[in-house]
Each structure stands twice: as structure tokens, then as C-alpha cells.
There are 2 protein chains.
Amino acid sequence: MDNKDLKQEVTDKYSLRGRVFHRIREDILNGKYADHEELKEVAIGEELGVSRTPVREALRQLELEGLIQIIPNRGAYVVGISADDVRDIYMIRSKLEGLCARWACEKISNEQMEALEEIVYLSDFHAEKGHMDQLAELDSRFHTTLYESCNSKMLEHLLKDYHQYVWRVRQRTLAGKRGKDSNNEHRAIMEAIRDKNPDLAEEIANRHMLNAYDNMVKNGLLEMLSKEADKEKEQITKKGKKSKN
Amino acid sequence: MDNKDLKQEVTDKYSLRGRVFHRIREDILNGKYADHEELKEVAIGEELGVSRTPVREALRQLELEGLIQIIPNRGAYVVGISADDVRDIYMIRSKLEGLCARWACEKISNEQMEALEEIVYLSDFHAEKGHMDQLAELDSRFHTTLYESCNSKMLEHLLKDYHQYVWRVRQRTLAGKRGKDSNNEHRAIMEAIRDKNPDLAEEIANRHMLNAYDNMVKNGLLEMLSKEADKEKEQITKKGKKSKN
DNA sequence: TTTTGTATGATTGTATACAATAATGCATTT
DNA sequence: AAATGCATTATTGTATACAATCATACAAAA
């Protein structure tokens with residue numbers, strides 16, 4: 001699993017706070033906490049065997065990431081991803097993945113180029129055999145490698161963020177027959193970059209995202225997301241919680 | 001001045017931490033702290049009259065924003081914006097402002113449309129009179145209004161972040177004769193949105209960013225940025241500080 | 001002179017104590 | 001029965017105390 005340390009290359013996982021941060025983040029992304037569930041500092045602290053301080057710091061960071069909402073003197077609440085959010089993210093990613101692929105044409109290193117090729121061929125193999133979890137893992141590695149090869153810390157950071165953000169949804173997507181199509185698109189992107197054809201690379205990477213999103217919609221993979229996450233969030237802000245834990 | 005509360009609509013400025021967060025952030029953006037300067041918790045706490053706790057929480061958030069880098073057990077250091085960063089941001093913004101303008105064609109409200117028109121006409125007035133600081137303020141308002149009118153919390157959030165990030169640089173830019181050109185582009189964007197022409201709106205908004213960046217380069221406005229910010233940053237990570245404060 | 005080791009001080013990491021605020025339950029009133 | 005007021009409890013906000021880590025200075029050895 002490589003969906004750790006996508007943030008903060010230095011600080012993390014050597015401090016309690018870093019570990020708490022990643023733990024809560026993963027728990028939210030994996031659905032351990034339901035949308036709008038309240039995260040209590042002492043409860044989390046006890047569960048992880050730490051005091052409130054590192055938990056608080058982690059929560060403050062998660063708020064900035066948009067995964068939770070903190071209401072002063074009230075508490076921290078999980079913010080759900082709405083179907084609209086997913087759509088917006090894929091449209092944004094479409095543009096940015098295109099930019100990334102374009103830049104990669106110029107900036108990619110030989111090692112990274114070989115890594116991309118290897119991932120594509122490996123994915124073919126696992127797609128034939130029907131190893132869907134491996135496929136999801138390889139998809140992550142393909143995109144992460146691409147992000148690193150564009151030679152822009154800003155863009156890399158941004159794309160990794162979004163990639164992680166839709167991780168839960170994305171995994172279900174690749175379990176279907178989209179896996180094979182997706183990898184064919186990966187191959188096309190890889191080849192365009194290998195041929196140093198930035199216009200083509202951008203174009204294909206662009207479409208790759210749009211296709212991924214279309215597939216999700218067609219297969220009803222967004223049904224599970226509350227379409228009203230934002231409205232409910234505002235209600236909480238004004239009114240008050242109603243769960244009794 | 002409207003470059004406050006661009007983040008965290010709820011939490012802020014009612015808590016000590018929120019105020020500390022914004023204060024340090026502004027101080028960094030305004031150049032009070034030099035690149036790579038160490039931010040000490042007690043010193044900041046004393047200056048603002050608070051204890052270490054809210055300062056620490058604010059620093060953790062600033063790290064996630066990328067404005068500072070925290071090295072475990074060592075300290076928090078200001079991360080400079082390199083010329084490369086600015087270039088990347090403008091390329092990214094070019095794509096995203098285009099997307100925003102496109103979406104605004106469909107989603108903008110009547111009030112927002114009128115606000116845009118008013119800003120454009122007001123800018124004309126101040127450009128004639130040579131009121132450059134007002135022009136910068138109106139530029140901010142134009143873009144902020146546009147961000148809000150695209151009806152996407154994700155995109156709005158992202159663009160406001162970047163807008164704020166290059167705020168310091170941008171202000172110097174508009175002081176030159178670019179101000180008038182910039183406003184003409186604003187007018188073209190506004191009219192395309194008014195005419196519900198998404199393709200044109202996206203195209204113009206796209207170019208608007210590229211032109212802004214070109215102008216910055218031509219006028220040597222990026223010279224003041226250390227082109228090696230990233231490398232120096234990594235040196236700090238590995239080696240150690242050398243300032244004696 | 002350079003290097004290495006150690007002691008000291010400075011700074012951050014974590015835990016805990018206390019204060020402030022909000023939620024809850026219950027009694028009282030209407 | 002519904003609404004209001006008050007007391008109690010729970011939870012967060014902030015400050016402080018202590019532990020752990022790192023930087024620095026200086027002395028001793030090569």
C-alpha cells in the first residue's frame with residue numbers, strides 16, 4: 001500500500017502527531033467514521049494511547065485539508081465528499097493531469113520513463129489474470145510516478161492531494177471492466193511521453209480523466225455519496241448535532 | 001483589504017489560534033520574516049501575548065499550506081516562493097481560471113454578474129486616474145467574485161489559495177502599465193460570461209493568466225525571488241541551520 | 001590544528017491542569 | 001403539555017509543566 005506519506009515528506013510518522021494525523025485521515029477515507037460524525041479529542045486520544053495535544057494538532061491539519069470541519073467550542077465533524085465534489089475534482093484533475101503529462105515530456109528521467117513502461121506492462125498481466133487489487137495499486141503507482149516526473153513540486157503536490165482524496169471511490173471503479181480500458185489509456189499516455197509529443201500527451205491525459213469520470217457515472221458508483229453533503233454541513237453549523245454517539 | 005478569511009469560513013478569528021494563524025501568515029506574505037527564517041514558538045507567543053499552544057497549532061496549519069516547513073525537534077522555517085513556483089502556479093491557474101470562467105457562464109447569479117460589471121467599470125475609472133492601489137484591490141475583487149460564481153466549492157477554494165499565494169508578487173505587477181491591459185482582459189471575460197459563451201470565456205481567462213505571467217517575466221518582477229529556494233530548503237533538511245539569530 | 005566527547009542551554013514534543021463554552025436534564029412555571 | 005430557567009456534565013480552548021531532542025561551547029586527545 002502506498003497511500004501513506006503523500007503529504008509532508010519530512011515531518012511525518014516520526015512524531016506522534018504525524019502518526020495520529022495519518023491514522024485519522026485513513027480512518028475517514030476508509031469509512032470508519034461516517035459523514036458528519038463527531039470526532040472527540042479524548043476518545044481518539046485514548047484509542048491511540050496519546051494525550052489530547054497531538055490529536056488536536058492533527059485535527060487542525062485535517063481541517064485545512066477539508067476532511068473535517070471544526071466548529072469553535074463545539075467539535076470536529078467529518079465532511080463528506082458529495083457527488084458534486086467528485087465531479088469537480090475529476091474536471092480539475094483532467095486539466096492538471098494534462099498539464100502534468102505535457103511537462104513530463106520534457107522533464108521525465110530515464111528511470112521514471114522505464115518505471116512507467118514497467119507499470120503498464122505489469123498492469124496488462126494482472127488485468128488478464130483478473131487481479132483487480134493489484135491493478136488498483138498499479139494505477140496509483142502510474143499516476144504517482146507521472147506526478148513526480150513533471151518536475152513541479154507545486155503540481156505534484158496538488159495532484160497527489162486529489163488523487164488521495166478520491167482514493168476510496170476510485171478503488172471501486174477499477175474493480176469493474178474499466179481496468180483494462182484504463183490501462184490502455186495509460187499506455188497511450190506513456191507512449192506519447194516517450195515520443196516527446198506534449199500536445200498528444202496532454203490531450204490523452206485529459207481524456208483519461210474524463211473517461212474515468214464518465215465510467216463512474218455510468219456504473220452508478222457515485223450513488224453512495226450523499227448528494228447533499230454541503231447542505232447538511234451548513235445545517236450543522238447553524239443548528240447543532242443530533243447524534244448521540 | 002479583502003485578503004483575509006480566504007480560508008476556514010467558520011473557525012477563524014474567533015479563536016486565538018485563528019488569529020495567530022492569520023497573523024503569521026500575513027507576516028510571511030508581507031515579508032516580515034525572511035526566507036528560511038526560523039519561527040520560534042515562544043517568541044511568537046510572547047509577541048502576540050499567547051501561550052505556545054495556539055502558536056503551535058497555527059504553525060502546523062501553515063506547514064500544510066506550504067508556507068513553512070517544520071523539521072521535527074528542530075523548528076519551523078519559512079519556505080520561500082521560488083521563481084519556478086510562481087511560473088508553475090500561473091500555468092496551473094491558467095487552466096483553472098479557464099475552467100472557472102467556463103462554469104461561471106452557466107452558474108453565475110445576477111448579483112454576481114452585476115458585481116463583475118461594476119468592478120470592470122470602476123477599474124477603468126481608477127486606471128485613468130492612476131490609482132494603482134485601488135486597481136490591485138479591484139483586481140482581487142474581480143477574481144474572487146469570479147471564483148464564487150462558478151458554483152464549485154472545490155475550485156473556488158483552490159483558486160483562492162493560489163490567488164493569495166502570489167498576492168505579494170501580483171501587487172507589484174499591477175503597479176505598472178499592465179493594469180490597463182489587465183482590466184481590458186477582465187472586460188472581455190466578463191462579456192463572454194454575460195453572453196454565455198463558455199468556450200470564449202475559458203479561452204480568454206486562460207490567456208489572461210499567461211499574459212499576466214509574461215508581463216511579470218518581461219519586467220523582471222521575479223528577480224527578487226530566490227531561484228534556489230527549493231535547493232536551499234533541502235539543504236536545511238539534511239544539514240542543519242546556521243543562523244545564530 | 002583538528003577531531004572527538006561531554007556538558008550545558010535552548011527548543012520542541014507531549015501530557016496535564018484549569019478555564020471557558022456549549023449541551024443536557026430536570027424542575028418549575030405557565 | 002409546553003416552555004423557561006437553572007444546575008450539571010461534557011467538551012473544547014488555553015496555559016503550563018515536564019520530557020526528549022538538538023545545538024553549542026569548550027575541553028581533551030590525536
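Here is the naming used below: chain letters follow the sequence lines, and residue numbers restart at 1 for every chain. Note that the structure is a prediction, hence the values are computed from the model and not measured.
Under 3.5 Å, the side chains of Arg17(B) and Gln61(B) contain a donor-acceptor pair of N or O atoms. Between Ser109(A) and Gln112(A), the side chains place a donor N or O and an acceptor N or O closer than 3.5 Å (distance only, hydrogens not considered).
Aromatic pair Tyr77(A)/His36(A): ring centres not closer than 6.0 Å.
In this structure, Leu39(B) reaches the sugar-phosphate backbone alone: every heavy-atom distance under 4.0 Å involves primed, P, OP1 or OP2 atoms, never a base.
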Dot-bracket for DNA chain C, please. Rules: Watson-Crick or G-U, both distances under 3.5 Å, ( ) within the strand, [ ] when a pair crosses earlier ones, | for another strand, . otherwise.
||||||||||||||||||||||||||||||

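Rounded to whole Å, the distance from CD on Glu57(B) to C1' on dT14(C) is 13 Å. Regarding Arg17(A), its CZ atom lies at a distance of 16 Å from the C1' atom of dA20(D), rounded to whole Å. Counting to the nearest Å, the P atom of dT21(C) and the CD1 atom of Ile71(A) are 17 Å from each other. Rounding to whole angstrom units, CG of residue Asn73(A) and P of dT21(C) are separated by 7 Å. As a whole-Å value, the separation of Lys40(A) NZ from dA10(D) P is 10 Å. Remark: P of dT11(D) and CD of Glu41(A) are 11 Å apart, rounded to the nearest angstrom. What separates CD of Gln69(B) from P of dT12(C) is a distance of 14 Å, to the nearest Å. We find that CG of Leu59(A) is positioned 14 Å from P of dT14(C), with the value rounded to whole Å.
Residues passing the salt bridge (charged side-chain N to carboxylate O under 4.0 Å, His left out) test with Lys32(A) are Asp27(A), Glu47(A), sequence neighbours excluded.
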Trace of the side-chain contact (heavy atoms from CB on, under 4.5 Å) decision for Arg93(A) with His143(A)
CA-CA 11 Å; Arg93(A) 272 187 75 193; His143(A) 283 282; 4.2 Å; yes

Please test Gln134(A) against Leu122(A) for side-chain contact (heavy atoms from CB on, under 4.5 Å), starting from the C-alpha separation and ending with a verdict.
CA-CA 9 Å; Gln134(A) 318 252 17; Leu122(A) 255 177; over 6 Å; no

Any chance you could lay out the side chain to side chain donor-acceptor pair (under 3.5 Å) test for Glu65(B) and Tyr165(B), step after step, and finish with the verdict?
CA-CA 10 Å; Glu65(B) 283 219 319; Tyr165(B) 210 75; over 6 Å; no

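Of the side-chain N and O atoms in Arg74(B), one or more sit less than 4.0 angstrom from OP1 or OP2 of dA23(D). In this model, the phosphate group of dG13(D) is approached by a side-chain N or O of Arg56(A) to a distance below 4.0 Å at OP1 or OP2.
With contacts defined as side-chain heavy-atom distances shorter than 4.5 Å, the pair Glu114(A)/Glu118(A) does not qualify.
Glu38(B) has no carboxylate O lying under 4.0 Å from a charged side-chain N of Arg74(B), or vice versa, which leaves the two without a salt bridge.
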Can you name the atoms? Protein N/O to nucleotides 15-19 of chain C N/O, anything below 3.5 Å, with the distance.
residue	atom	partner	partner atom	Å
dA15(C)	OP2	Ser51(A)	N	2.8
dA15(C)	OP2	Ser51(A)	OG	2.9
dA15(C)	N7	Thr53(A)	OG1	2.6
dT16(C)	O4	Thr53(A)	OG1	3.4

